[in-house]
Every structure is written in structure tokens, then in C-alpha cells.
2 protein chains.
Amino acid sequence: MSSQHSRPTSRDVAKAAGVSQSTVSLVLGGKWPGRVSPATAAAVHQAAERLGYRPNRAARSLRLGSTRTVMLVVPTLTATFFGAVYEGAARAAARHGFGVVAYPWPDDAGPADSPFAAAHEAIDGILASSLAEDVLSGFAGVPVVMLDSDPSAEAPTVVFDVQDAMRAIVAHLAGLGHRRFGHVATSIDQWTFHARGRALADAVADVPGATLVREDAALDVAAAKDAAARLLGGPDRPTALVCDDDVMAAGAYKAARARGLEIPRDLSVTGFDDVLLAAALEPELTTVRLPAGELGAAGMDALLRLLEGGRPGSLSLPGELVVRGSTGPAPEAPAPATKAVSTVATGQGRKKA
Amino acid sequence: MSSQHSRPTSRDVAKAAGVSQSTVSLVLGGKWPGRVSPATAAAVHQAAERLGYRPNRAARSLRLGSTRTVMLVVPTLTATFFGAVYEGAARAAARHGFGVVAYPWPDDAGPADSPFAAAHEAIDGILASSLAEDVLSGFAGVPVVMLDSDPSAEAPTVVFDVQDAMRAIVAHLAGLGHRRFGHVATSIDQWTFHARGRALADAVADVPGATLVREDAALDVAAAKDAAARLLGGPDRPTALVCDDDVMAAGAYKAARARGLEIPRDLSVTGFDDVLLAAALEPELTTVRLPAGELGAAGMDALLRLLEGGRPGSLSLPGELVVRGSTGPAPEAPAPATKAVSTVATGQGRKKA
DNA sequence: CTGTTAGCGCCTTCAA
DNA sequence: TTGAAGGCGCTAACAG
């Protein structure tokens with residue numbers, strides 16, 4: 001026995017199969033046809049199998065100069081969304097023999113360390129989600145694909161079609177007769193939230209006679225509650241609150257309840273994300289489901305293509321409006337309107353009852 | 001220029017500093033004092049800095065036979081809990097120059113692949129959270145620390161003090177006058193849930209005159225709602241529902257509402273975990289906060305000690321009871337009791353109003 | 001105190 | 001069709 005008790009090497013396999021190392025490499029690398037006899041190849045495969053041989057990654061990396069590892073940079077892993085992104089990315093990577101290491105980098109922490117504290121410098125490429133492009137300034141030269149961030153960036157991107165999703169929300173609400181919209185917005189400086197704000201404004205502008213007021217807050221329940229309370233306390237109280245995120249919708253629920261408003265009778269509320277929370281709330285939340293896993297997978301596919309020398313294009317994934325119990329017909333005369341709201345039915349509006 | 005445009009090697013640094021490679025290795029490895037002159041050491045450091053030198057991980061791994069990488073196996077990353085475990089573990093690992101790769105392995109998927117599809121076989125140790133020990137059967141020989149799982153296992157473990165947490169919950173509830181408890185349990189076959197069930201039964205048994213009924217359900221809102229409904233529909237309706245998880249508590253809320261019961265006036269509800277959900281519910285949930293990040297960090301510390309040849313002991317982390325709005329005094333005469341509930345005040349009960 | 005040397009396991013010429 | 005040899009970048013013996 002040449003191998004003491006540790007993992008077998010290609011040498012061991014060669015010895016066992018009665019061939020040379022290079023033959024083993026050829027066969028196991030799958031490029032033997034036409035260069036190695038089928039019989040020899042079979043013998044090699046068999047020996048490798050029997051010995052439980054697995055190539056040493058470090059040695060392979062050293063020789064090849066590539067690590068077959070991709071780093072996923074996300075603001076946090078403590079959010080189901082990014083966990084799903086990771087799982088989607090890892091699945092796609094595994095199909096190509098790549099591994100993924102997660103690197104949580106809070107968005108308010110400035111540019112990420114280039115010389116990693118975590119010793120993760122051995123990387124072939126970077127997948128960055130929901131981060132500003134300049135966060136990656138320390139990684140010049142490393143192939144990058146950006147997820148859920150400004151598609152006008154240089155790197156290939158994969159994003160959600162936020163505009164379409166917001167249009168769907170507004171169409172749904174407008175169809176229920178709503179005209180006075182409130183936007184419970186998050187103040188986080190991320191592309192997706194800027195995009196949501198813009199998309200909502202655009203969509204509302206397309207509804208004749210519709211108005212939109214906006215309040216910003218941090219992305220947590222308490223802050224969102226305050227923002228929603230401000231909206232609800234203002235003149236011309238909105239009949240529908242469009243929230244930037246399911247978490248903020250939970251805050252909106254609380255503000256509504258504090259004001260004695262019943263959802264959806266007196267107020268409609270929508271979210272964005274469709275995480276666990278949406279189904280846990282009462283009534284269940286009408287929201288847009290964002291396919292986080294697919295985002296990760298599509299991003300990884302693009303990155304892998306990039307690593308192979310290709311030039312992947314940018315991509316946009318559709319969200320899906322999930323209508324649940326938090327939206328309903330606009331209340332008839334919700335408040336003594338000070339401004340006349342001359343609503344022109346656009347034809348797509350369909351009121352129930 | 002010897003280096004074309006790629007990363008500088010220790011050779012380049014040596015050349016730049018006018019010394020040999022081994023000196024560079026010694027200096028940068030921090031074991032030069034007494035072997036290299038301070039002046040030379042300074043020169044090396046400076047050259048390395050100027051060139052932006054970073055050691056090649058693959059080469060180092062190959063030489064050292066260790067990868068300075070640990071694998072964290074978790075049931076899923078799509079849960080804030082495991083995301084927090086990861087972050088805690090990664091932080092602790094980084095302090096020692098270790099990296100962490102996450103490996104989501106659903107608990108119902110049987111023993112994990114030993115020869116990883118994801119090519120993650122290059123690993124020094126394994127941290128496994130909330131998994132049965134036999135899931136790791138394919139990794140014989142690799143140092144392992146188990147998190148949140150049966151402490152009677154062979155491997156060192158880090159767990160939460162479930163028993164203490166449950167006692168705190170029951171004490172809190174009993175202090176409010178509750179004697180009829182319902183357990184909304186999860187049917188998931190994990191150590192922690194078995195432990196919760198046992199701990200709850202024990203704690204209730206210690207309250208004179210107290211009773212406990214139990215219903216099992218999958219770990220999701222809808223299933224928990226059904227289970228809670230069964231509990232609430234049975235004879236001698238419980239006045240307090242102890243749920244195995246915050247998610248299940250959300251289901252309990254729904255069941256209560258469906259039955260016209262108001263929380264906490266007619267029914268008290270408690271959770272377990274204190275994730276985002278607890279503060280999003282209305283009223284906010286009384287629950288036990290489980291320090292997931294600390295679990296990961298403590299586990300990683302233990303694993304690192306194990307890798308250094310030590311024999312870390314097992315550890316138990318305390319949870320913290322967080323009292324919020326979902327628990328209140330037991331209703332006076334909640335239902336025409338068929339059994340007499342002879343309540344003996346234990347002296348620690350303190351009713352408001 | 002510093003330099004030389006060897007070899008970790010793999011893949012890829014090059015020669016047979 | 002197969003084997004021998006070299007070297008990826010690093011570290012640890014061993015010389016000097």
C-alpha cells in the first residue's frame with residue numbers, strides 16, 4: 001500500500017490500473033476518446049471508482065490557475081431573500097462543478113475589503129446582489145455579474161422587472177377603484193428601491209385622476225408603521241398603501257389598526273417580495289412574488305458564461321402579482337375630499353359590488 | 001517585469017526585496033523573530049505591501065495539506081435563523097483566517113453526499129446545524145461539531161438551553177394564572193423539537209393542577225393554524241398556546257381569530273425563536289430569543305479548537321424570554337369546565353387588574 | 001541570520 | 001496509444 005491512510009492520488013489510481021498518471025488524468029478528464037484505448041480507459045475508471053478517488057482541488061487549482069469557486073456578495077444572509085439567492089446560485093454552480101462561498105457585506109460598510117480578512121481571495125468570479133457597483137471597486141479585474149442592481153452598470157446584470165410588477169399592482173388597485181395612493185417607501189439607497197419608487201410614480205401617473213404621496217422609512221416594522229401613520233394622518237387619506245417590501249406592509253397593518261382602519265375594507269395594502277411574512281399576516285398580504293432563487297441561478301449562469309469567455313447579456317426576470325386578502329374595493333367616500341377627484345374610468349377598472 | 005500582469009508571487013516579493021523566497025515565507029508567516037533580521041523583515045513587508053502581494057491559497061493548501069476552509073451544513077439557508085448561524089460562524093472563522101462555505105442539505109434528503117456534487121470536498125472540518133448525526137455518515141474522519149442537535153452524540157455539540165427556556169415560558173404563563181396549556185408542536189424530526197416537547201411537558205408537570213394537550217403539525221402557518229384550531233375546538237379549551245416556533249404562533253393567531261378569540265384577552269400565545277415575525281404580528285409575540293449568531297460563533301470556536309488538536313467540551317447557550325403583547329392574565333372562567341381545575345396559587349403568580 | 005532544495009498532486013507538453 | 005518530465009506557488013528541512 002503506498003497510500004498510508006489518506007486520500008488516494010492520481011498516482012495511486014495509475015498504479016492500481018497499471019498505467020501512468022497522465023493516462024489517468026486524460027481518462028478522468030474525459031478527453032481520452034481517440035487517445036487512449038477503451039479497455040485502458042475502463043480499467044482506469046474502475047480503479048478510480050474502487051479506490052474512491054477524488055482529485056485534489058488545491059493541486060488542480062494550482063495547476064490550472066482557476067479555483068472553480070465563485071463568491072456571492074450579499075448585504076446579509078439574515079434575510080430569506082438572500083438565502084434563496086444563494087441556494088439558486090449554488091445549484092446552478094454545482095451543475096458545472098463550481099462551489100459558491102457567501103460573503104455578507106452590509107451595504108453601509110463602504111467598499112468591500114479586497115484583501116479579504118476571511119481569506120476568500122481564491123476566487124474565479126463574483127456574483128454581487130443588491131449592492132452598488134462601487135462596493136466592488138477593490139476587485140478590479142475579477143469577472144462580475146450584478147444581481148438586482150442598476151442595469152446600466154458595465155457588468156452584466158440580472159434584475160427583476162420592477163416596472164412591470166409595480167404596473168401590475170397599480171392596475172390591480174386602480175381596477176378596484178383606488179385613486180389616492182400612498183407609498184410606504186424605504187430610504188435604503190439601493191437600485192431596486194429607487195426603481196420601485198420611479199415605477200410606482202410612473203404607473204400612478206398613467207391612471208387618470210390618481211394621486212400619490214410618499215413617506216420614507218427604514219426597512220423595519222416600527223419605522224414603516226410611523227411612515228404609514230403619517231400617510232394615513234395627512235389630508236386626503238390614501239385608500240391604498242403600496243409598500244416597498246412585505247416587512248413595511250406589516251408596519252402599515254399596524255398603523256391602520258392603530259387608526260381603527262380595517263383592511264381591506266377601509267384601506268388596501270400591498271407588499272413586495274412575498275416572503276414568509278405575507279402569508280403570516282392577517283389578512284394575508286397581496287404582494288409581488290420575486291423569484292429569488294431564479295435570480296441567483298440566472299446570475300450564476302451568466303457568470304459561468306462570462307468565465308468561459310462569453311459575453312452574457314443582461315436579463316430581467318418577471319415578478320408575479322399574488323392577490324390575497326389585503327386589497328379590496330376602494331371605500332365609497334373615504335373622506336370629505338378637499339380636492340375634487342375627477343375619476344375617469346379607463347375601461348380597465350372593474351368594481352365589484 | 002517578471003510578472004506579466006497577474007498577481008505577484010512570493011518570488012516577485014523576494015526579488016523586489018532582494019532576498020530569497022524562503023525569507024519571504026518566514027517573514028510573512030510571522031515566524032521570523034529570531035531568525036531574520038528586523039531590517040530584512042521590514043524590507044520584505046514593504047515590498048509585499050507595495051506589490052499588493054497575497055499568498056496563493058491553492059499553493060498553500062497543497063503544501064500544507066489543509067484548506068483553512070470549514071463547511072457549514074444546514075437544512076436550508078432560506079431561514080433567517082440559519083443565515084444568522086452562518087454569519088456568526090463566518091465571523092469567528094475569519095478571526096483565524098478560515099473561510100466558511102455553506103452547504104444547504106434538507107433534513108429529509110437522507111445522508112449527505114460524501115463526494116460532493118458541488119466540489120466542496122476540500123475541507124478541514126464540518127459544522128452541522130440542526131441535523132441528525134447520521135446525515136454526516138459519509139464524512140467519516142472529518143472533524144465535526146454539531147449545533148442545535150442531540151448533545152449525547154459523539155461529536156462536541158453546542159445547543160440552546162431549551163429546557164430552561166421552556167421553564168421560563170411556563171413560569172411566565174403560570175404566573176399569569178394559566179393552567180390549561182396547549183402545545184402547538186411541529187412534527188419535524190429534529191432534536192430541538194423533541195427537546196422542546198419534553199421540556200414543556202416537564203415544566204407543565206411541575207405546575208400543580210396544570211394540564212397539557214398537544215397537536216402536531218408541519219412547520220408552516222397553515223398547518224399550525226389547523227393544529228391550533230383543533231386544540232381550541234377540543235374540550236377544556238386551553239387558555240395558553242405554547243408554540244414550537246414563531247411561525248407556528250402566527251398560525252395560532254389565525255386560529256384564534258377564526259374562533260373569535262382575542263389575544264391576549266381570551267388566549268395567550270407564545271413562540272420560540274424571536275425572528276422578524278415576532279414583532280410583525282399583532283399583538284407582538286411573547287417568545288424566546290435564540291441567539292443564532294452566537295450559536296454559530298461558539299460552534300466555530302469549538303471546531304477550530306478541535307482542528308488544533310484540542311478536545312472542546314459541549315456547550316449550552318441560554319435563550320431569553322422576551323415578553324410582549326401576546327400573553328396576559330388567564331381569563332376568569334374561560335369555559336364551563338367539565339373537570340374542576342383546582343388552582344393552587346404558587347405565590348409567584350402576579351395578576352394585573 | 002539567510003539561501004538552496006525538495007516536493008505537495010495535478011495537468012500538459014513532448015518524446016517514444 | 002502511452003510514459004516521462006516539468007512546473008504551478010508555497011513552505012519546511014537542511015545547509016551555509
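Proteins get letters first, then strands, A, B, ... in listed order; numbering begins at 1 in each.
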Atom [atom1] of [X] to atom [atom2] of [N]: distance rounded to whole Å?
X	N	atom1	atom2	result
A/R68	D/dC8	CZ	P	22 Å
B/K15	C/dG3	NZ	P	14 Å
B/R35	D/dA15	CZ	P	16 Å
B/L28	D/dG9	CG	C1'	13 Å
B/D12	D/dC8	CG	C1'	13 Å
A/L64	D/dG7	CG	C1'	13 Å
A/L62	C/dC8	CG	P	13 Å

Applying side-chain hydrogen bond (donor to acceptor under 3.5 Å, both in side chains), can you list everything that pairs with [X], at least two apart in sequence or on another chain?
X	value
A/H194	A/D189
B/E133	none
B/T67	B/D124
A/S37	A/T40

Mapping A/V36 and B/K31 onto DNA chain D by nearest heavy atom, which one lands closer to the 5' end?
A/V36
Residue pairs involving residues 293-312 of chain B (criterion side chain to side chain donor-acceptor pair (under 3.5 Å); sequence neighbours excluded):
none
Only pairs under 3.5 Å count here: list side-chain donor-acceptor contacts from residues 24-34 of chain A, not counting sequence neighbours, and write none if there are none.
none

What's [X] touching, base or sugar-phosphate or nothing? Going by heavy atoms closer than 4.0 Å.
X	answer
A/R60	sugar-phosphate
A/G65	nothing
A/L26	nothing

Would you say B/Y86's side chain and B/V100's backbone share a donor-acceptor pair under 3.5 angstrom?
yes
Donor-acceptor under 3.5 Å (B/S129 side chain, B/V74 main chain):
no
Can you tell me if the side-chain N/O atoms of B/S25 get under 4.0 Å from OP1 or OP2 in D/dT11?
yes
Under 3.5 Å, which donor-acceptor pairs do the side chains of residues 46-53 of chain B form with other protein atoms, sequence neighbours left out?
none

Using a heavy-atom distance cut-off of less than 4.0 Å, which residues of residues 37-53 of chain A contact DNA chain D?
A/S37, A/T40
Which pairs would a plain distance check flag for residues 145-160 of chain B, meaning a side-chain donor or acceptor within less than 3.5 Å of a matching protein atom at least two apart in sequence or in another chain?
from: B/D148; atom 1: OD1; to: B/T192; atom 2: OG1; distance (Å): 3.4
from: B/D148; atom 1: OD2; to: B/S130; atom 2: OG; distance (Å): 2.7
from: B/D150; atom 1: OD1; to: B/S152; atom 2: N; distance (Å): 2.9
from: B/D150; atom 1: OD1; to: B/S152; atom 2: OG; distance (Å): 2.9
from: B/D150; atom 1: OD2; to: B/S152; atom 2: OG; distance (Å): 3.2
from: B/T157; atom 1: OG1; to: B/S314; atom 2: OG; distance (Å): 3.1

State which residues pass side chain to side chain contact (heavy atoms under 4.5 Å, CB included) with B/R60; sequence neighbours excluded, sorted by chain then number.
B/P55, B/L64
Heteroatom pairs (N/O) under 3.5 angstrom, protein to nucleotides 3-6 of chain D:
from: D/dG3; atom 1: OP2; to: A/S20; atom 2: N; distance (Å): 2.8
from: D/dG3; atom 1: OP2; to: A/S20; atom 2: OG; distance (Å): 3.4
from: D/dG3; atom 1: OP2; to: A/T23; atom 2: OG1; distance (Å): 3.3
from: D/dG3; atom 1: N7; to: A/S22; atom 2: OG; distance (Å): 3.2
from: D/dA4; atom 1: N6; to: A/S22; atom 2: OG; distance (Å): 3.4
from: D/dG6; atom 1: N2; to: A/R63; atom 2: NH1; distance (Å): 2.9

Quick one about B/T23 and B/R35 (side-chain donor to acceptor, distance below 3.5 Å, no hydrogens or angles considered), yes or no?
no
Difference in axis direction between the ends of the helix from C/dC1-D/dG16 to C/dA16-D/dT1, five pairs, 10°:
50°
